[in-house]
Amino acid sequence: MIKENLKKIRATLPESVTLVAVSKTKPVSDLQEAYDAGQRIFGENHALEMRDKHEVLPQDIQWHFIGHLQTNKIKYIIPFVTLIHSIDSANLLEAVNKEAKKHERVVDCLLQFHIAQEETKFGLDMDEAHQLLDSEAFKQMQNIHICGVMGMATFTDDEAEVRKEFKHLKEIFDTLKAKYFAEQSQFKEISMGMSDDYPIAVEEGATLVRVGSKIFGPRNYNV
Ligand SMILES: *Cc1c(COP(=O)(O)O)cnc(C)c1O
């Protein structure tokens with residue numbers, strides 16, 4: 001099933017879009033099945049779960065952290081994480097930079113923006129982003145690379161609303177690119193779109209889509 005699901009989704013994605021297989025809560029055997037079908041990029045949202053999976057699965061997997069990251073958990077993922085999608089505060093970025101320095105790494109990060117109508121979703125707003133990117137502290141950070149932006153749309157059937165929110169994230173990307181990252185080719189990623197809305201996200205310029213249940217089936221937990 002996982003193999004067929006992956007094949008179907010890949011067939012719908014343009015070459016410019018990278019599929020992050022969101023494997024949170026799923027057993028290692030499911031990830032191995034996806035790996036055997038050629039998938040190499042996995043997304044997780046709990047630091048310890050990601051570390052444990054990293055330890056037992058093939059070493060050429062690229063691990064993307066997509067959930068809210070607590071500063072006291074950063075140390076578990078910094079040695080191996082490929083991309084952190086969810087930088088939602090200046091403090092978190094500073095803490096990631098500090099930990100990355102200890103490991104002599106430069107860690108790729110995305111700035112997460114609050115684009116949904118729901119109050120609960122984490123993320124920066126534009127004022128906070130400008131404050132962060134204009135700060136002296138940011139200019140001193142040598143062990144992180146900002147590679148783009150990430151956002152989650154409102155959980156709704158209203159396709160027009162979802163599209164509007166993705167357009168907004170694309171505008172945020174374009175604004176930041178022009179003001180801060182015009183010369184930096186690594187600033188190129190727009191992470192948006194999940195199982196129910198990734199086709200819209202792709203139309204609106206996503207470069208990374210984060211798809212879980214459409215690949216692995218529904219998750220068994222209540223949140
Ligand atoms: C769980 C999760 C996803 C994937 O959700 P699905 O609806 O199962 O595709 C994508 N992004 C984030 C940030 C998530 O937490």
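Whatever order the structure lists ligands and atoms in, that order sets their numbers, starting from 1. Source: prediction; values computed, not measured. The first residue in the sequence is number 1, and the count goes up from there.
For ligand 1, the atoms sitting less than 4.0 Å from at least one non-hydrogen atom of Ser195 are 6 (P), 7 (O), 8 (O), 9 (O), numbered in the order shown with element in parentheses.
In terms of heavy atoms, Ile144 sits closest to Cys109 at CG2-SG, 4.0 Å.
Using a 4.0 Å heavy-atom cutoff, Val211 is listed among the residues neighbouring ligand 1.
Closest to atom 13 (C) of ligand 1 by heavy atom, among Ile66, Val209, Ile215, is Ile66. With atom 14 (C) of ligand 1 as the reference point, the heavy atom nearest to it among Met192, Glu44, Lys24, Gln112 is part of Lys24. Closest heavy-atom approach to atom 10 (C) of ligand 1 within the set Met194, Met152, His64, His68: this belongs to Met194.
Considering backbone and side-chain atoms together, Arg219 places an N or O closer than 3.5 Å to an N or O of ligand 1. Of the N or O atoms in Arg210, one or more lie within a sub-3.5 Å distance of an N or O in ligand 1.
Neither the backbone nor the side chain of His85 has a heavy atom within less than 4.0 Å of ligand 1. Of the heavy atoms in Lys214, none comes closer than 4.0 Å to ligand 1.
Salt bridge status for Glu161 with Lys164: present, with a side-chain N to carboxylate O gap under 4.0 Å. The residues Glu49 and Lys53 are annotated as salt-bridged, a charged nitrogen and a carboxylate oxygen being separated by less than 4.0 angstrom. A salt bridge links Glu204 and Lys167; the closest N-O separation between the charged side-chain nitrogens and carboxylate oxygens is under 4.0 Å.
Classified by interplanar angle (parallel below 30°, tilted 30° to 60°, perpendicular above 60°), the ring pair Phe181/Phe187 is parallel.
Remark: the His68 side chain and the Asp88 side chain contain an N/O donor-acceptor pair separated by less than 3.5 Å.
Distance OH/Tyr198 to OG1/Thr12: 3.5 Å, rounded to 0.5 Å.
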